[in-house]
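Below: one structure, written as structure tokens.
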Number of protein chains: 2
Amino acid sequence: METRELRYFIAIAEELHFGRAAQRLGITQPPLSRAISQLERRLGVTLLERSSRSVTLTEAGAVLLREGRAALDAVDAADRRTRRAALAGTGQADLVLVTKAGASGELLSKLLDAYAAEPGAATVDVILCGIAEQERLLRDGRADVALLHRPYDSTVGFDTEELCTEGQVALLPSGHFLTGRAKLRMADVAALPGLPMPRWPGRDGTYPDGPGPQVRDHTQLYQLIALGRTCTVLPESCRVSLRPDITAVPVLDAPPVTTVIAWPPHSRSRALAGLVRAATRL
Amino acid sequence: METRELRYFIAIAEELHFGRAAQRLGITQPPLSRAISQLERRLGVTLLERSSRSVTLTEAGAVLLREGRAALDAVDAADRRTRRAALAGTGQADLVLVTKAGASGELLSKLLDAYAAEPGAATVDVILCGIAEQERLLRDGRADVALLHRPYDSTVGFDTEELCTEGQVALLPSGHFLTGRAKLRMADVAALPGLPMPRWPGRDGTYPDGPGPQVRDHTQLYQLIALGRTCTVLPESCRVSLRPDITAVPVLDAPPVTTVIAWPPHSRSRALAGLVRAATRL
DNA sequence: CCGGATCGATGCCGCTGAGGTATCGCTGCC
DNA sequence: GGCAGCGATACCTCAGCGGCATCGATCCGG
């Protein structure tokens with residue numbers, strides 16, 4: 001199976017329309033029709049049900065869509081990582097690290113400092129993004145390593161080392177009556193009248209239903225907390241960069257958050273191994 | 001990058017010889033030379049250092065070898081799983097499960113029974129093999145799901161659910177003086193004079209150095225234990241199928257072994273989801 | 001120091017197959 | 001029933017893949 005065929009099939013499987021898929025691929029419709037039926041012939045499998053008015057995926061087609069995406073990501077990763085490997089020492093970044101904006105800022109800077117101090121350390125680029133993108137960046141080779149936070153982030157499919165574990169704190173508007181308490185329980189925070197927990201977008205970009213305000217990043221979140229519209233529970237390391245109009249109170253029974261360094265299991269380059277070593281020594 | 005180019009490059013990177021690589025690929029040498037230099041031109045990267053008497057990999061070439069193998073495995077997996085998906089309901093196996101021979105026999109049969117009793121259960125094939133092959137089979141799509149044993153097996157790169165945890169027992173020849181004890185410690189077993197621990201092959205197929213006998217499977221192992229040539233520590237579930245000339249004694253401070261069900265993270269088909277559900281309900 | 005052997009690169013040719021244009025056949029809709 | 005939308009097919013062109021012959025560089029034995 002050639003990657004061209006995979007790309008074609010995935011385009012059709014996503015569009016469910018030969019014409020539009022062809023347009024997206026920058027070719028015309030007939031070669032696309034032929035490529036797909038040839039792929040079906042070679043696999044000995046019907047991938048699409050065509051009814052001259054609509055195209056639908058068969059069971060096997062759905063499998064190939066899932067598996068093919070993963071395979072194409074792997075091929076793209078090979079391409080990108082090879083290109084980047086060739087630039088080593090030219091001032092380009094040898095490693096690309098992704099993490100969530102607003103999380104583990106202190107740990108990250110300590111890690112980068114510690115690694116940079118090592119002899120022969122590679123240069124490290126940092127990308128800040130949402131969790132949904134992190135996985136994708138690691139899988140398709142635009143990034144090499146990530147800082148993730150269990151149990152919030154899934155570490156499925158990656159090799160990991162634990163870096164540190166911390167408790168969680170509730171963030172409340174300063175002056176809120178609960179800020180007088182030295183410690184809280186989840187039940188105290190969950191049912192606060194007038195301060196519903198915020199809703200974060202899922203990995204498909206849509207928001208779950210519920211009473212809380214929609215938030216996309218920590219700036220929005222902090223603003224809404226300061227305004228007295230929401231409250232939240234975050235790892236206690238967020239305290240070092242907290243605005244004065246927000247107060248943090250430890251939540252005893254919140255699950256502890258473990259920061260881990262994660263990378264695709266097969267890609268253990270020398271530079272990556274050095275970074276991981278520096279991280280575990282912190 | 002096309003899979004053909006990847007296959008060509010990997011062949012050369014492994015052989016480090018254009019002629020032999022071409023032979024292995026079933027083509028002649030000139031097209032291979034051209035394909036590689038074209039790949040290098042397209043990537044903008046030198047992959048091989050040719051000195052007209054020898055071929056060596058560059059840094060970037062080594063990266064592409066690693067990443068390319070993973071990518072090709074992913075493409076092969078897409079191919080195989082698509083083919084198998086199309087055979088659903090034709091009496092072919094819908095799921096292929098791998099595990100080590102001689103481990104968790106009881107758990108496995110309970111799992112298969114429980115799943116088979118579910119409405120709409122798919123047919124499940126079982127492959128027994130060594131740990132080195134398990135990973136590969138899962139990665140290139142010849143298998144869909146595995147039973148692994150932490151901490152012995154690495155679960156890196158896979159999604160897992162824990163099934164059960166058990167202690168470990170020492171296996172000694174019946175009549176050995178230690179079999180009179182109700183419990184042991186690792187130190188008791190490690191330093192037994194005349195009963196050195198056996199040596200298992202690593203994932204490259206070679207045996208580590210040491211005094212113990214080389215073993216390749218449990219039959220060999222049991223034979224050597226019964227002969228009084230070695231002893232070992234295994235999960236206690238091995239007791240149900242133990243020969244009478246071998247005696248098991250609990251080892252209190254041996255690390256507990258957790259049996260997990262593992263699968264590639266992106267491939268969560270309905271059948272697989274059903275099997276995992278049945279497993280967690282055991 | 002030279003002739004032969006080895007090995008990768010290059011020039012040239014034939015043919016497969018990928019992509020384009022035009023058109024057909026089917027289907028749902030007004 | 002006419003028309004529009006959509007995928008399949010027929011036919012053509014040409015890029016590019018693979019094979020053959022050969023070149024140029026390097027190593028080696030004598």
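Checking the phosphate oxygens (OP1, OP2) of C:dG19, a side-chain nitrogen or oxygen of A:Arg4 falls inside 4.0 Å. The side chain of B:Ser33 places an N or O atom within less than 4.0 Å of a non-bridging phosphate oxygen (OP1 or OP2) of C:dA9. Here A:Thr28 reaches the OP1 or OP2 of C:dG20: one of its side-chain N or O atoms lies under 4.0 Å away. Between B:Arg50 and C:dA9 there is a side-chain N or O to OP1 or OP2 distance below 4.0 Å.
Listed candidates were D:dG18, C:dG20, D:dC6. Nearest to the side chain of B:Arg34 is D:dG18. Taking only side-chain atoms of B:His17, from C-beta outward, the nucleotide of C:dC7, D:dA8, C:dG20 with the closest atom is C:dC7. Of all nucleotides listed (C:dT10, C:dT21, C:dC7), C:dT10 comes nearest to the side chain of B:Pro30. Among the nucleotides D:dC17, C:dT10, D:dG18, the one closest to any side-chain atom of B:Gln38 is D:dC17. Listed candidates were D:dG7, C:dT21, C:dA9. Nearest to the side chain of B:Gln29 is C:dA9.
Where A:Pro31 and B:Leu16 each meet DNA chain C at their nearest nucleotide, the meeting point lying more 5' is that of B:Leu16. Nearest-nucleotide positions on DNA chain C place A:Ala35 closer to the 5' end than the other of A:Ala35 and A:Ser51.
Rounded to an integer number of Å, the gap from A:Glu2 CD to C:dT16 P is 18 Å. Distance CG (B:Leu32) to C1' (C:dG8): 10 Å, rounded to an integer number of Å. Between the CZ atom of A:Phe18 and the P atom of C:dG19 there is a distance of 14 Å, given to the nearest Å. We find that CD of B:Glu40 is positioned 13 Å from P of C:dG8, with the value rounded to whole Å. A straight line from CZ of A:Arg7 to P of C:dA18 spans 15 Å, rounded to a whole angstrom. The CZ-C1' distance, from A:Arg41 to D:dT9, rounds to 13 Å in whole Å. D:dC6 atom P lies 17 Å from atom CD1 of A:Ile36, rounded to whole Å. Here the P atom of nucleotide C:dA9 and the OH atom of B:Tyr8 are 15 Å apart, to the nearest Å.
Remark: the B:Thr56 side chain and the B:Glu49 side chain contain no N/O donor-acceptor pair separated by less than 3.5 Å.
Under the salt bridge (charged side-chain N to carboxylate O under 4.0 Å, His left out) test applied with B:Glu14, the options B:Arg7, B:Arg24, B:Arg66, B:Arg20 reduce to a single match, B:Arg24.
Salt-bridge check for B:Asp76 with B:Arg142: failed, with every basic side-chain N at 4.0 Å or more from each acidic carboxylate O.
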* Asked: Does the pair A:Asp144 and A:Arg84 meet the rule for a salt bridge (Lys or Arg N to Asp or Glu O under 4.0 Å), with working shown?
  -> CA-CA 11 Å; A:Asp144 304 297; A:Arg84 282 225 319 274; 2.2 Å; yes

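Every residue meeting the side chain to side chain contact (heavy atoms under 4.5 Å, CB included) condition with B:Ala271, not counting sequence neighbours, appears here in chain and number order: B:Leu95, B:Tyr115, B:Ala122, B:Ser269.
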